[in-house]
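Could you have a look at this structure, given as structure tokens, before my questions?
These numbers come from the heavy atoms of this one structure, side chains and all, not from hydrogens, waters or symmetry mates. Nothing here was measured: the structure is a model prediction, and the numbers come from that model. Both counts, for ligands and for their atoms, begin at 1 and track the order of listing.
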Amino acid sequence: MRYFAGIDIGSTAIKIAIIDENRELLGKKISASGSMFYKYAKEALAELLNELNIKEENLVYTVSTGYGRKLFKEANEKISEITANAIGARAAARAEGKKEIKTIINIGGQDSKAISLDSDGNVVNFAMNDRCAAGTGKFLDVVALKLEIGVDELGDYHFKSTGTPLSINSTCAVFAESEIIGLLGNNHSIEDIVAGVHYSIARRIIKLVKRVGIKEAIYFDGGPALNEGLVNAIENELTKEIFIPKYPQITTSFGAAILALESYEYLSNQN
Ligand code: ADP
């Protein structure tokens with residue numbers, strides 16, 4: 001059996017997906033990017049192969065993507081995360097029996113993107129915000145840290161909020177932190193602050209999506225898509241249903257793994 005890997009070296013997390021010749025997702029790994037992207041990515045891949053009992057020589061093609069993709073010298077190919085995201089999102093939606101995706105919202109650790117696809121799955125347009133942390137995972141990390149809760153708890157707090165969500169206006173994570181300190185000082189609850197943060201991110205994301213056009217079906221991925229509170233805020237602000245895949249954080253690495261398989265097949269047919 002031959003295996004194919006997609007390695008997404010993101011600003012915050014390294015994501016690896018391994019598939020077999022039938023495009024079946026066999027395993028995935030998510031670990032912190034830290035300060036040594038290449039070293040940690042190599043270690044994470046070795047660990048995943050070990051967990052799956054796959055010998056290194058049977059991993060026949062690897063595609064890297066994400067911020068740190070150029071550092072992964074063992075990769076047979078390096079592709080942009082926009083392309084990998086589009087391929088992975090489409091495949092994940094199909095595998096889960098969902099409608100064809102036309103719009104992807106991706107929120108990562110340091111940036112957020114809106115990608116528009118045509119009916120064949122080609123990327124026709126995209127918009128990106130990487131100038132400030134507002135509307136990214138980093139913003140949520142800063143908020144969670146200040147409120148002394150985990151990012152994985154934000155969703156629960158969101159749904160316990162009562163009343164109108166508070167308005168968080170700062171467009172920078174540092175100023176948002178001082179705004180939150182002010183809200184805490186005025187005796188606002190953590191629940192209401194969390195919901196306010198989610199709605200402020202949702203409004204920013206929707207502005208980004210409007211730049212490429214809102215076409216259904218809409219798909220949301222990246223680590224923050226694990227936050228059901230944020231999903232709820234985006235759906236409410238958009239007044240449209242959005243689809244979250246089973247493993248939202250690994251879609252881009254899954255897309256890179258599919259591309260690895262396709263490149264391998266193409267090259268094999270050339271010989
Ligand atoms: P990148 O590709 O830029 O490294 P990711 O798509 O991996 O980014 O997303 C990282 C972000 O995902 C983190 O900053 C964090 O805010 C968020 N995140 C990670 N795990 C969870 C979780 N279990 N619940 C909610 N948010 C999460």
| said: Tell me whether R204 is salt-bridged to E237, with the criterion being a basic N under 4.0 Å from an acidic carboxylate O. | reply: no
| said: Are any of the N/O atoms on T12, whether in the backbone or the side chain, positioned under 3.5 angstrom from an N/O atom of ligand 1? | reply: yes
| Near G137, which atoms of ligand 1 are under 4.0 Å from a heavy atom of that residue? | 14 (O), 16 (O)
| request: Among all protein heavy atoms, pick the one closest to atom 2 (O) of ligand 1 and tell me residue, atom and distance. | output: K15 NZ, 2.7 Å
| query | Which residue supplies the protein heavy atom nearest to atom 8 (O) of ligand 1, what is that atom called, and how far is it? | reply | G109 N, 2.9 Å
| atom 24 (N) of ligand 1: the protein heavy-atom neighbour that sits closest, reported with distance to 0.1 Å | D152 CA, 3.6 Å
| query | In Å and rounded to the nearest 0.5 Å, what is the CZ to CD1 distance from F72 to I7? | reply | 3.5 Å
| query | Going by atom types alone, do N227 and H198 pair a side-chain donor with an acceptor below 3.5 Å? | reply | yes
| message | Considering both backbone and side-chain atoms of L140, is one of its nitrogen or oxygen atoms within less than 3.5 Å of a nitrogen or oxygen in ligand 1? | response | no
| message | Cation-pi check for Y38 against K73: NZ or CZ below 6.0 Å from the six-membered ring centre and within 45 degrees of the axis, yes or no? | response | yes
| field | Closest protein heavy atom (residue, atom, distance) for atom 16 (O) of ligand 1 | value | D141 OD1, 2.6 Å
| field | Heavy-atom neighbours of F175 CZ exceed 12 at 6.0 Å | value |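 Open.
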| field | E81 touching ligand 1 at heavy-atom level, < 4.0 angstrom | value | no
| request: Tell me which protein heavy atom sits closest to atom 25 (C) of ligand 1, plus the residue, atom name and distance to 0.1 Å. | output: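 Nearest neighbour among protein heavy atoms for atom 25 (C) of ligand 1, to 0.1 Å: V151 O, 3.5 Å.
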| query | Going by the atom numbers of ligand 1, which of them fall below 4.0 Å from some non-hydrogen atom of A13? | reply |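 Every atom of ligand 1 under 4.0 Å from some heavy atom of A13: 4 (O), 7 (O).
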| field | Ring-face cation of K28 near Y247 (centre distance under 6.0 Å, axis angle within 45°) | value | yes
| request: For the residue pair F254 and P245, establish whether any side-chain heavy-atom pair is separated by less than 4.5 Å. | output: no
| query | Is there a donor-acceptor contact under 3.5 Å linking the side chains of N76 and Y264? | reply | no
| message | Side chain or backbone, does L226 bring an N or O within less than 3.5 Å of an N or O on ligand 1? | response | no
| remark: Heavy-atom proximity to atom 17 (C) of ligand 1, picking from G66, P248, G223, points to G223
| D8 N/O to ligand 1 N/O under 3.5 Å |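 No, since none of the N or O atoms of D8 sits under 3.5 Å from an N or O of ligand 1.
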| said: I'd like to check which ligand 1 atoms, numbered from 1 as shown, lie under 4.0 Å from a non-hydrogen atom of G222. | reply: 6 (O)
| query | Taking distance alone, with no angle check, do G108 and ligand 1 share an N/O pair under 3.5 Å? | reply |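 No: no nitrogen or oxygen of G108 is under 3.5 Å from one in ligand 1.
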| said: Testing the 3.5 Å rule here: is there a donor-acceptor pair between the side chains of K215 and S116? | reply: yes
| request: Check the side chains of S161 and D192 for a donor-acceptor pair under 3.5 angstrom, ignoring hydrogens and angles. | output: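 Yes, a side-chain donor-acceptor pair sits under 3.5 Å.
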| field | Closest approach of any protein heavy atom to atom 11 (C) of ligand 1, naming residue and atom | value | P224 CD, 3.8 Å
| Interfacing atoms of ligand 1 (cut-off 4.0 Å, heavy-atom, G10) | 1 (P), 2 (O), 4 (O)
| query | Are there more than 12 heavy atoms of other residues, nucleotides or ligands under 6.0 Å from atom NZ of K29? | reply |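 Counting neighbours around NZ of K29, more than 12 heavy atoms of other residues, nucleotides or ligands fall under 6.0 Å, so yes.
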